[in-house]
Amino acid sequence: MSRKVGQGLSRFAGRYPLSTTSIYPTVKSKSSDNIHRLQDAISEKVSSVYSAGLACSEVFSGPRLSSVLQDAHQLERRALACMHNDKPAPPLAVHTSGGVVPQLDSFATELRHHLPWDPDADDWFFNLQVEGTSAVLAACDTLMQLSHQKEGNRQRVKIGVASSSYHGPPVSTFGSRAVGPLGMGHAQVVYPAPTIWARCHAAETHGIHADDAFDEYMRNRFTAFLAEYGDTIGVLLIEPQWGSSVAAQPWDPDLLRWYVSTAQAHGILVCADEIMCGLGRHGRGTTFLSSAMGIDPDAVTFGKAIAAGVDPLSGAVFRAGRQALSHDGASVLQSHTYAGASARALATATSVLRALPQWHPHIAACEDIVRRHLAEPFATAPTDDHCTSVTHGSATKRNTFPRGLGEGNADTRAGGVQCHVHGQGLLWGAIIRGGGVTPKAVMTSLQQRCSDCRVKPYYVSHGCMLSPTLDVSERALADMCMRLRDALLLTVEDLSVREQVPQYDPTHRRDHTTPVIATPPRPARVKRYGGPSVDAMTADQIALRAEIEGSRTTGLAGPFGPWLSNTAIARPSQELGRVVRYETSFALRTSELAIITTARHHNSNTEWTIHAEEARKAGLDVVLIDKIDQGTISGDDFTCPLEQCVWQFATELLRTTAVSDDTYAALERHVGHAGVVELVSIVGYYTYVAYTLGAFCIPPPATHTQ
């Protein structure tokens with residue numbers, strides 16, 4: 001009996017609803033550029049997509065991931081060799097009742113250097129779990145025990161959670177609003193928090209717009225909350241930068257410090273949940289965001305990426321209480337079989353902690369890239385309606401910490417629908433609201449548009465989050481940000497127009513060489529210059545126009561219209577184009593390979609459309625063209641060594657503006673010094689063409705469209 005692909009997957013009850021028609025895609029491979037190759041379980045089609053989310057579960061990729069996994073890999077190799085030879089083997093895991101693995105001590109020693117408190121303090125301690133929810137439960141359980149050790153605190157039995165918060169699955173964790181016998185609602189009380197939702201409410205209902213006025217409004221609300229519930233709360237849960245519930249919105253540091261110190265003054269212990277925002281992702285040069293923000297919580301959680309996202313590990317570290325628990329013969333109640341039992345996970349986590357500091361400058365630089373390519377394109381001048389006070393400040397101004405809806409944030413409005421973008425470091429989010437849109441409507445459109453743009457963020461209610469690996473290249477980050485930007489803008493248009501929007505022809509794409517992922521074009525809102533009209537041309541312009549039309553198989557199509565506005569630019573540009581197209585040592589099919597590789601990289605729909613057809617006419621293998629188009633191309637696909645060298649050289653040059661010694665030498669052996677110069681010139685010229693086509697939104701000529 002034959003087995004259909006995905007037959008078993010249809011029975012997997014996981015994150016998404018069970019379905020017999022919509023089944024989880026299989027991740028076939030992951031690249032260092034955060035590219036996942038996915039196979040659809042039904043059609044078996046393989047496609048490439050930027051994995052821009054994954055809820056902060058991974059820190060490194062490619063060679064960096066390989067590096068932090070080496071100690072664990074070598075340990076496993078030694079253990080397997082000993083087992084194979086029937087010799088005593090180093091433990092890969094030990095049940096918590098039997099002892100601990102040697103790697104636990106190394107991890108604790110390294111963790112000490114990353115504490116958000118004085119590392120020389122002697123009363124700190126930590127607990128380990130396997131995933132984020134358990135870490136939060138362990139932190140709350142332990143802090144509650146410490147709270148109850150103080151006389152008169154037995155009545156403190158509640159956990160304070162923010163009005164918008166998420167600390168794990170709805171059934172078994174704090175912050176959820178799940179109804180039923182297994183929900184945590186009976187153990188928690190909800191405090192007012194300065195989220196985007198509170199900000200909009202304050203503006204729309206109370207006319208509160210300025211930062212200082214909003215902060216005072218929230219202080220008054222939190223003070224009233226403590227007056228009513230403060231004596232019943234043992235632990236207050238905070239997220240210094242929200243995760244799923246508010247799509248990566250950061251707290252204002254001054255306001256958060258006030259919240260924490262005020263709660264502690266009321267005898268409440270504070271746990272900072274940094275499952276998502278910790279491990280340096282915030283871009284402020286420390287492992288824990290609590291340190292960078294200058295808050296002093298009583299416990300901090302960590303998780304997900306601490307063991308590189310490969311081995312499950314999480315935990316909580318406590319500022320004080322080791323001696324008190326020891327005196328009472330107590331420990332963490334939230335413990336289980338594999339809480340800190342995995343030698344592999346601990347070895348990897350130690351390597352991750354050692355590697356993190358060297359990536360802090362890169363993360364800070366990446367923040368500027370996200371601002372430029374994702375946040376700033378949304379920034380618009382405030383209007384007098386639709387929650388006018390939500391966006392204030394400038395998205396272009398760098399601040400030490402962005403406010404939740406201030407510096408580093410953007411807002412665009414169309415038909416009452418707004419898109420807010422906020423974040424810091426490599427943790428950003430977008431929320432689409434207004435105009436009466438529902439979370440379901442947002443998700444339906446956003447998921448489709450992200451699929452169109454070949455980018456997969458982490459979807460949350462009303463929006464999504466961007467949280468790539470910490471070592472993401474600046475080029476790949478800029479690319480995924482632009483794709484996500486386009487998806488968000490298209491979603492806002494979908495939800496605003498409330499009518500049939502144009503369907504983008506998948507054959508008309510602005511494409512990339514590396515990674516090879518197609519994106520639908522976004523229509524320009526401003527009419528672009530197409531060049532001087534014939535009636536307005538000078539004699540020099542008319543002569544040059546005729547020369548261009550007579551010397552090219554593609555005629556006047558492409559960038560020549562705008563270029564003709566200045567014949568001093570147009571003439572040498574077209575001369576260079578004619579030479580690199582027709583007068584190099586390369587066969588036309590080979591130069592067209594370099595051209596479509598360039599078009600793909602620069603996401604140039606028009607350049608791709610014109611030259612994919614020209615490449616076919618020149619005899620380039622249609623299989624290669626289609627694989628470049630579909631994102632499945634590799635060096636192994638080439639049967640012609642020269643074409644393989646040309647593709648590899650152009651790809652590396654476009655990726656990094658440089659090429660490796662091996663790639664350079666391989667091409668030079670085929671074409672000599674002059675051929676290398678020619679190929680660089682082809683790539684450079686058609687990069688210039690792609691920029692012109694993109695800036696002026698020049699469509700393909702009618703003879704090339706379908």
Between [atom1] of [X] and [atom2] of [Y], what distance do you get to the nearest 0.5 Å?
X      : Y      : atom1 : atom2 : value
Lys30  : Glu58  : NZ    : CD    : 3.5 Å
Met443 : Cys450 : CE    : SG    : 8.0 Å
Asn566 : Ser573 : CG    : OG    : 9.0 Å
Arg655 : Arg475 : CZ    : CZ    : 6.5 Å
Ser467 : Trp428 : OG    : CH2   : 13.5 Å
Glu239 : Gln249 : CD    : CD    : 11.0 Å

Using the salt bridge (charged side-chain N to carboxylate O under 4.0 Å, His left out) rule, collect all pairs that involve residues 47-56, keeping only residues at least two apart or in two chains. none

If you look at every heavy atom in [X] and [Y], which pair is closest and at what distance?
X      : Y      : result
Gly132 : Ile275 : CA-CD1, 3.9 Å
Ala292 : His282 : CB-CE1, 4.3 Å
Leu484 : Pro457 : CD1-CG, 4.0 Å
Ala441 : Leu495 : O-CD2, 3.8 Å
Pro240 : Ser290 : CG-OG, 4.2 Å
Ile363 : Gly425 : CG2-CA, 4.0 Å

Could you walk me through whether Gln241 and Met276 pass side chain to side chain contact (heavy atoms under 4.5 Å, CB included), step by step? CA-CA 8 Å; Gln241 182 176 3; Met276 281 195 170; over 6 Å; no

We want to know whether Gln418 and His420 form a side-chain donor-acceptor pair, criterion being a heavy-atom distance below 3.5 angstrom. yes

Might you work through the side chain to side chain contact (heavy atoms under 4.5 Å, CB included) test for Val689 and Thr598, ending with a clear yes or no? CA-CA 10 Å; Val689 170; Thr598 305; over 6 Å; no

[X] and [Y]: aromatic ring centres closer than 6.0 Å?
X      : Y      : answer
His114 : Phe288 : no
Trp608 : His602 : no
Trp563 : Tyr688 : yes

Could you tell me if Arg483 sits above the aromatic ring of Tyr50, with its cationic atom closer than 6.0 Å to the ring centre and no more than 45 degrees from the axis? no

Give a yes or no answer on whether the side chain of [X] reaches the backbone of [Y] with a donor-acceptor pair at less than 3.5 Å.
X      : Y      : answer
Thr444 : Lys440 : yes
Thr656 : Ala658 : yes
Thr687 : Val683 : yes
His422 : Val246 : yes
Ser57  : Leu54  : yes
Ser67  : Pro63  : no
Arg528 : Ala695 : yes

With a 4.0 Å cut-off on N to O distance, would you call Glu204 and Arg199 a salt bridge? no

Heavy atoms, side chains only, cut-off 4.5 Å: are [X] and [Y] in contact?
X      : Y      : answer
Pro699 : Asn605 : no
Cys481 : Leu477 : yes
Val492 : Leu489 : no
Trp647 : Asp637 : no
Val370 : Val421 : no
Leu427 : Leu466 : no
Pro194 : Leu255 : yes
Tyr458 : Cys464 : no

For Ser681, check side-chain contact (heavy atoms from CB on, under 4.5 Å) against everything at least two apart and list the hits. Val580, Val677

Stepwise, does the salt bridge (charged side-chain N to carboxylate O under 4.0 Å, His left out) test hold for Glu274 with Arg281? CA-CA 10 Å; Glu274 297 200 25; Arg281 181 170 288 278; over 6 Å; no

Could you label the plane-to-plane angle of the His611 and Tyr686 rings as parallel, tilted or perpendicular, counting under 30° as parallel and over 60° as perpendicular? perpendicular

Apply side chain to side chain contact (heavy atoms under 4.5 Å, CB included) to residues Leu490 and Leu446 and explain how you reach the verdict. CA-CA 8 Å; Leu490 289 166; Leu446 181 58; over 6 Å; no

I'd like to know whether Thr663 forms a side-chain hydrogen bond (donor to acceptor under 3.5 Å, both in side chains) with Glu652, so could you lay out the CA-CA distance, the side-chain angles of the two residues, the decisive distance to 0.1 Å, and finally the verdict. CA-CA 8 Å; Thr663 298; Glu652 287 189 21; 2.6 Å; yes

Test side chain to side chain contact (heavy atoms under 4.5 Å, CB included) on Val59 and Trp359 and set out the steps. CA-CA 10 Å; Val59 280; Trp359 289 97; over 6 Å; no

Worked verdict on Glu614 versus Arg581 for salt bridge (charged side-chain N to carboxylate O under 4.0 Å, His left out): CA-CA 11 Å; Glu614 293 298 309; Arg581 180 89 182 281; 3.1 Å; yes

Could you walk me through whether Arg449 and Glu493 satisfy the salt bridge (charged side-chain N to carboxylate O under 4.0 Å, His left out) test, starting with their C-alpha distance in whole Å, then the side-chain angles of each, then the deciding distance to 0.1 Å, before giving a yes or no? CA-CA 11 Å; Arg449 290 310 190 179; Glu493 291 172 1; over 6 Å; no

